[in-house]
Amino acid sequence: MASVLAVTSVLPTTMLHAEPKSESPAAWSHQEASKIERDSSNTAPLIEKEEIEQMAPNHWVWDTWPLRNKDGSVAKVNGYKVIFALTAPDDVLPGKRHDIATIRYFYSKNGQDWKMGGEAFDPEQAYGSRQWAGSAMVEDGKIHLFYTATGRKGEDGITYEQRLALANGEMSVSKDGISFSDWSHDIILEPQGEYYQTEEQSEGGILYSFRDPWYFEDPKTGEEYITFEGNSAGHASEQTCQPRNIGDEQYQGSTEVSNEASAYNGNVGLAKLDSEDYTEWETLPPVLEADCVNQQLERPHFVMKGNQYYLFVDSHKFTFSPGIEGPDGLYGFTADSLYGNYEPLNESGLVVANPEDNPFQAYSWIVLPNGNVISFVNYIDLGDVSLKEVGAQPVDFQYEHFGGTLAPTLKLSIHKDETRIVNELQYGKVN
Ligand code: FRU
């Protein structure tokens with residue numbers, strides 16, 4: 001006993017905890033985002049309509065995540081890789097799919113030819129009137145599937161309340177493939193209005209979010225977290241732009257930021273594990289905010305390279321605040337600690353942009369630990385120039401051009417605070 005105490009007392013205990021910043025979170029500033037520009041290092045190759053093959057019979061597939069090990073690596077269980085995805089029958093208009101999203105799983109031995117396994121769990125047993133994106137981790141045959149519980153069971157009309165949920169279950173592999181059983185569901189996090197806006201505080205403003213939980217074990221501390229998409233807390237009508245959200249003094253002096261910008265308040269949230277069964281989490285302050293810059297920092301996830309933390313998010317052209325031109329794309333930031341001073345990659349944050357000629361061709365990019373980036377084929381080949389010009393979300397009359405399947409995987413090189421797309425791999429390749 002004495003020797004155990006002796007050992008622990010010499011451990012640098014302060015190193016074992018990533019302390020949240022007491023002041024304000026790192027900010028993606030207006031100044032940084034104003035540098036966003038498509039170029040050859042960040043523009044994805046054009047997706048040709050003729051090449052696209054539906055991966056799931058009779059289903060749209062969009063936000064996708066691989067089954068991972070605790071350390072973030074893509075899991076291989078008895079030779080199988082598994083992915084989970086939001087899905088909906090493909091006889092509904094694509095815009096309707098969010099209202100009926102169901103999590104299905106696919107498995108494959110080569111990480112490319114995916115066989116649809118079915119619903120991950122019975123949606124009737126899950127929280128929410130439908131389930132939105134999340135992440136999945138396997139540990140000793142037990143699976144922990146984090147998801148967004150959107151709306152409530154039995155609601156009269158469709159509602160947009162979002163809570164973070166977890167399904168714990170068992171995974172079995174047989175000669176017939178993969179199956180899951182014995183699920184138990186818990187709500188693990190709801191916004192309290194202190195760090196993350198509640199739906200009521202959002203006052204019905206631009207697109208509310210509290211969603212997309214992504215499991216992350218910090219290799220520097222061994223501590224376990226979920227990161228998620230949120231909005232900065234407080235009543236929408238009382239929000240103001242702070243100097244840190246704008247930029248340096250010179251930029252503040254020389255740039256007129258529109259009054260409407262203060263309504264934009266996307267952030268990246270964090271919660272720390274507080275129980276062995278993954279059902280208790282302590283809400284922590286955000287790691288990044290985009291107040292006055294962007295409303296939605298979607299599907300946040302961390303990738304480690306060397307000693308650096310890389311935080312990636314997806315965002316849309318139409319969620320940037322007025323005056324900032326950013327494409328539908330993958331954006332990234334880096335810091336040397338979990339609560340570090342995140343700097344945008346490539347100075348502006350832009351990592352992968354859809355090409356100008358096909359500005360909505362893909363979405364929901366996720367960077368795997370080896371730098372490969374998966375996403376799904378969204379709206380392609382719009383053919384309607386006026387829509388491209390206004391930058392609005394495509395509407396359903398283009399539904400015949402919705403992809404609804406995994407896009408070609410992109411290979412990214414990441415070097416310090418710079419990235420570059422270096423290759424395009426097969427459709428839906430997960431390695
Ligand atoms: C991004 C997203 C996610 C959400 C899902 C709902 O594609 O907005 O944030 O979980 O779509 O369909």
Side-chain angles (χ1 to χ4, degrees), residues 56 59-65 83-90 92-104 120 123 126-136 145-151 158-167 188-189 191 196-197 199 202 206-215 226-231 266-269 290 294-301 311-320 326-331 352 354 359-367 373-380 393-394 396 399 402-407:
H59 284 83
W60 301 130
V61 170
W62 66 107
D63 293 12
T64 300
W65 57 96
I83 52 174
F84 297 88
L86 301 189
T87 63
D90 66 2
V92 302
L93 292 178
K96 176 78 187 150
R97 71 187 196 278
H98 304 287
D99 300 347
I100 55 170
T102 302
I103 300 172
R104 287 189 161 76
Y127 283 97
S129 62
R130 68 274 192 206
Q131 291 74 45
W132 283 0
S135 60
L145 207 175
F146 298 87
Y147 63 93
T148 310
T150 307
I158 199 104
T159 68
Y160 290 89
E161 183 196 23
Q162 293 152 51
R163 297 172 293 162
L164 306 189
L166 168 68
I188 54 170
L189 217 63
Y196 306 102
Q197 196 169 49
E199 202 186 358
S202 76
I206 342 163
L207 289 173
Y208 172 71
S209 3
F210 189 77
R211 59 177 185 258
D212 301 352
W214 186 269
Y215 173 84
I226 42 175
T227 182
F228 53 90
E229 170 187 354
N231 292 110
N267 72 12
V268 174
N294 197 307
Q295 179 69 8
Q296 293 197 134
L297 306 184
E298 304 215 83
R299 303 197 66 202
H301 54 286
L311 171 60
F312 293 98
V313 299
D314 301 318
S315 206
H316 290 291
K317 180 180 169 82
F318 79 99
T319 58
F320 279 101
D328 273 33
L330 171 75
Y331 293 83
V352 173
N354 282 333
F360 305 110
Q361 73 172 18
Y363 195 67
S364 236
W365 297 266
I366 292 289
V367 184
V373 185
I374 59 168
S375 63
F376 74 93
V377 185
N378 199 9
Y379 294 89
I380 53 158
Q393 274 292 78
D396 278 334
Y399 69 90
F402 180 71
T405 192
L406 283 176

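Whatever order the structure lists them in is the order used to number ligands and atoms, beginning at 1. Owing to the predicted nature of the structure, the values given are computational and were not obtained by experimental measurement.
- Side-chain N/O atoms of Tyr208 and Glu161 include no donor and acceptor closer than 3.5 Å.
- Between His301 and Trp214, the angle of the ring planes lies from 30° to 60°, which puts this pair in the tilted group.
- Closest to atom 10 (O) of ligand 1 among all protein heavy atoms lies Asp212 OD1, 2.7 Å.
- No N or O atom of Tyr363 sits closer than 3.5 Å to an N or O atom of ligand 1.
- How far OG of Ser375 is from CG of Leu330: 9.0 Å, rounded to the nearest 0.5 Å.
- A distance of 6.0 Å or more separates the ring centres of Tyr363 and Tyr379.
- For the 3.5 Å distance criterion, the side chains of Glu229 and Ser209 qualify, holding a donor opposite an acceptor.
- Close approach of ligand 1 to Ala133 (heavy-atom distance below 4.0 Å) involves ligand atoms 10 (O).
- His316 has its side chain within reach of Glu298: a pair of non-hydrogen atoms, C-beta onward, lies under 4.5 Å apart.
- At a heavy-atom distance under 4.0 Å, no atom of Arg97 approaches ligand 1.
- Considering backbone and side-chain atoms alike, Phe376 places every N or O at 3.5 Å or more from each N or O of ligand 1.
- Residue, atom and distance of the protein heavy atom nearest to atom 12 (O) of ligand 1 are His98 ND1, 2.6 Å.
- For the residue pair Asp90/His59, the side-chain donor-acceptor check at 3.5 Å is not satisfied.
- Short contacts between ligand 1 and Leu86, defined as distances under 4.0 Å to a heavy atom of the residue, involve ligand atoms 5 (C), 6 (C), 12 (O).
- Under a 4.0 Å heavy-atom criterion, Ser364 is in contact with ligand 1.
- Considering only non-hydrogen protein atoms, atom 8 (O) of ligand 1 sits nearest to Glu298 OE1, 2.9 Å.
- For ligand 1 and Glu229, the ligand atoms under 4.0 Å from any heavy atom of the residue are 9 (O).
- Side-chain contact check for Thr87 and Arg104: at least one donor-acceptor pair (N or O, by modelled atom type) lies under 3.5 Å.
- Of the heavy atoms in Gln296, none comes closer than 4.0 Å to ligand 1.
- A perpendicular orientation is assigned to the rings of Trp132 and His98, their planes being inclined by more than 60° (bins at 30° and 60°).
- Using a 4.0 Å heavy-atom cutoff, Thr148 is absent from the residues neighbouring ligand 1.
- In this structure, atom 5 (C) of ligand 1 lies nearest to the protein heavy atom Asp63 OD2, 3.3 Å.
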